[in-house]
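Notes for the one structure printed next.
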Amino acid sequence: MVSDADPSKWDCPPHTKSKHDMLASYLDGWYPILSSWNGRVLFLDGFAGRGRYNDGTEGSPLVALQRLIDHHYFPQMMHREFVFMFIEANEDNATSLEWEIDSFKTSRAPWPANVKVSVINAKFDATANAILGYLREQKANLAPTFAFVDPFGYSGLPMDLLAELLSYPRTEVFVNFMVGHVQRFIERDSQEAAMRSLFGMDVRDVLNGHSREADRVEHLRAVYGKQLQDRIGLDYVQSFAMINSTGNIGYYLFHGTRHPKGVKLMKNAMWKIDPGGGYTFSDRLDGQDVLFTPEPDLRPLRREFMLHYTGKSNISAEEMEWYTLLRTPYRETHVRPVLRKLEREGAIKVNRPMGRKQFAKGVTIDFPSSPPS
Ligand SMILES: C[S@@+](CC[C@H](N)C(=O)[O-])C[C@H]1O[C@@H](n2cnc3c(N)ncnc32)[C@H](O)[C@@H]1O
């Protein structure tokens with residue numbers, strides 16, 4: 001078996017760089033929002049890696065640290081304590097990570113006293129259990145937390161553990177669900193315990209009759225997302241697929257939060273990425289693919305509006321923006337271009353009081369009484 005420190009595992013494909021860009025962009029917004037709370041903020045990287053890839057690209061721990069320390073708002077956040085816990089099971093990787101972090105700290109000396117960093121050479125589940133045990137004993141709350149869970153495979157991230165960790169208020173998760181591996185190994189007897197732990201339910205219930213490979217990937221995504229939502233209680237769970245050049249889905253990135261602001265931040269981060277290098281990030285809406293590209297195809301959103309709002313009147317653009325943000329893969333900024341087109345084509349009735357512009361406050365929309373064919 002190839003060790004997790006083997007150089008063959010540390011090439012940095014373009015989609016990994018995009019994943020880091022997404023993380024960076026999200027944290028740019030997350031740090032200032034979280035720092036408005038009192039006390040501590042925790043960034044927990046459960047599968048932290050060795051700090052740097054073969055081509056010199058920074059790994060997630062350096063991305064997270066750098067985005068805080070170099071943040072233009074950092075001087076205003078000095079009254080908050082930022083705790084970074086980087087958990088890495090492989091000793092060689094952990095040593096490399098420590099070295100990278102020390103070099104980074106030296107490059108930013110004097111290191112701010114309110115930023116605490118630790119590399120923990122242990123497994124994610126054991127470490128998270130120890131943290132939870134401590135909190136239970138102290139009857140304490142977990143600080144507002146962003147947990148990044150980014151394994152090579154599917155073991156060591158039990159759903160039950162995530163549920164307990166994320167049961168605290170103001171906690172959220174960004175998890176890499178390695179669906180390619182899961183779908184390949186899910187029916188092997190030897191993997192039954194790992195799969196049960198990953199989903200927090202029996203394999204038979206996970207599969208629920210979906211034994212054909214063709215529809216299994218999408219089904220597994222749905223089950224995992226539902227578990228994050230129902231089992232953990234995260235109100236807003238988004239996921240999107242990394243599709244490689246052969247058209248196969250390599251993994252799903254899931255983001256789960258209880259706060260609409262978090263959804264907005266992650267949507268911005270997702271739509272900012274510029275795909276390339278033989279992969280795309282995509283989501284689905286009503287069975288149609290939605291690719292995250294700079295010039296997105298807005299037709300699935302248009303169709304969604306015509307279905308969802310069939311026969312409804314006096315709908316505001318603002319209401320539609322929230323719906324779009326929270327319940328579709330699109331961003332709120334995609335709504336008005338769709339509305340303008342629908343109005344031009346006479347597909348909706350716009351009630352616009354004199355002097356009101358476009359879809360400003362006070363402007364409402366009536367939708368046709370029958371859905372599109
Ligand atoms: C995909 S890499 C992480 C990459 C890193 N998040 C980044 O973006 O730069 C997964 C890492 O998890 C480590 N690992 C494997 N099993 C683990 C476990 N049970 N707990 C913690 N770390 C583990 C591996 O040694 C490897 O370094």
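Atoms within a ligand are numbered from 1 in the order they appear, just like the ligands themselves. All of these numbers come straight from a predicted model, not from anything done at the bench.
Between H181 and F185, the ring planes are parallel. Angles under 30° get that label, and only those over 60° would be called perpendicular. Note: F199 and Y224 have perpendicular aromatic rings, judged against thresholds of 30 and 60 degrees for the angle between ring planes. Ring planes of F148 and F43: tilted class, angle from 30 to 60°.
With respect to the salt-bridge test (charged N to carboxylate O, under 4.0 angstrom), the residues E319 and K312 do not qualify. For E88 and R50, the salt-bridge test fails: no basic side-chain N is under 4.0 Å from an acidic carboxylate O. In summary, D297 and R299 engage in a salt bridge, as defined by a charged side-chain N under 4.0 Å from a carboxylate O.
The protein heavy-atom contact nearest to atom 15 (C) of ligand 1 is D4 OD2, 3.3 Å. The protein atom (non-hydrogen) at minimum distance from atom 27 (O) of ligand 1 is E88 OE1, 2.7 Å. Among all non-hydrogen protein atoms, the one lying nearest atom 21 (C) of ligand 1 is G46 O, 3.3 Å. Of the protein's non-hydrogen atoms, F47 CD2, 3.4 Å is the one closest to atom 23 (C) of ligand 1. For atom 22 (N) of ligand 1, the closest heavy atom belonging to the protein is A89 N, 3.2 Å. For atom 20 (N) of ligand 1, the closest non-hydrogen atom on the protein side is F124 N, 2.9 Å.
By the 4.0 Å heavy-atom criterion, W10 is counted among the residues contacting ligand 1. The shortest separation from a heavy atom of H20 to ligand 1 is under 4.0 Å, placing the residue in contact.
Heavy-atom contacts of Y53 reach the following atoms of ligand 1: 4 (C), 7 (C), 8 (O), 9 (O) (cutoff under 4.0 Å). Every atom of ligand 1 is numbered from 1 in the order shown, and the set under 4.0 Å from a heavy atom of D150 is 1 (C), 2 (S), 3 (C), 4 (C), 5 (C), 6 (N), 7 (C), 8 (O), 10 (C). For ligand 1, the atoms sitting less than 4.0 Å from at least one non-hydrogen atom of N90 are 25 (O), numbered in the order shown with element in parentheses. Short contacts between ligand 1 and K123, defined as distances under 4.0 Å to a heavy atom of the residue, involve ligand atoms 19 (N), 20 (N). If you number the atoms of ligand 1 from 1 as listed, the ones under 4.0 Å from a heavy atom of A48 come out as 5 (C), 6 (N). Residue G59 has at least one heavy-atom neighbour below 4.0 Å for each of these atoms of ligand 1: 9 (O).
Judged by the 6.0 Å and 45° rule, R221 forms no cation-pi pair with F240.
By heavy-atom distance, the residue among P61, S60, S155 lying nearest atom 5 (C) of ligand 1 is S60.
Atoms NZ and NZ, on K267 and K272 in that order, are 15.0 Å from each other to the nearest 0.5 Å. Note that CG of L165 and CG of D125 are 11.5 Å apart. Values are rounded to the nearest 0.5 Å.
Looking at N176, its side chain never comes within 3.5 Å of a backbone N or O of Y251 through a donor-acceptor pair.
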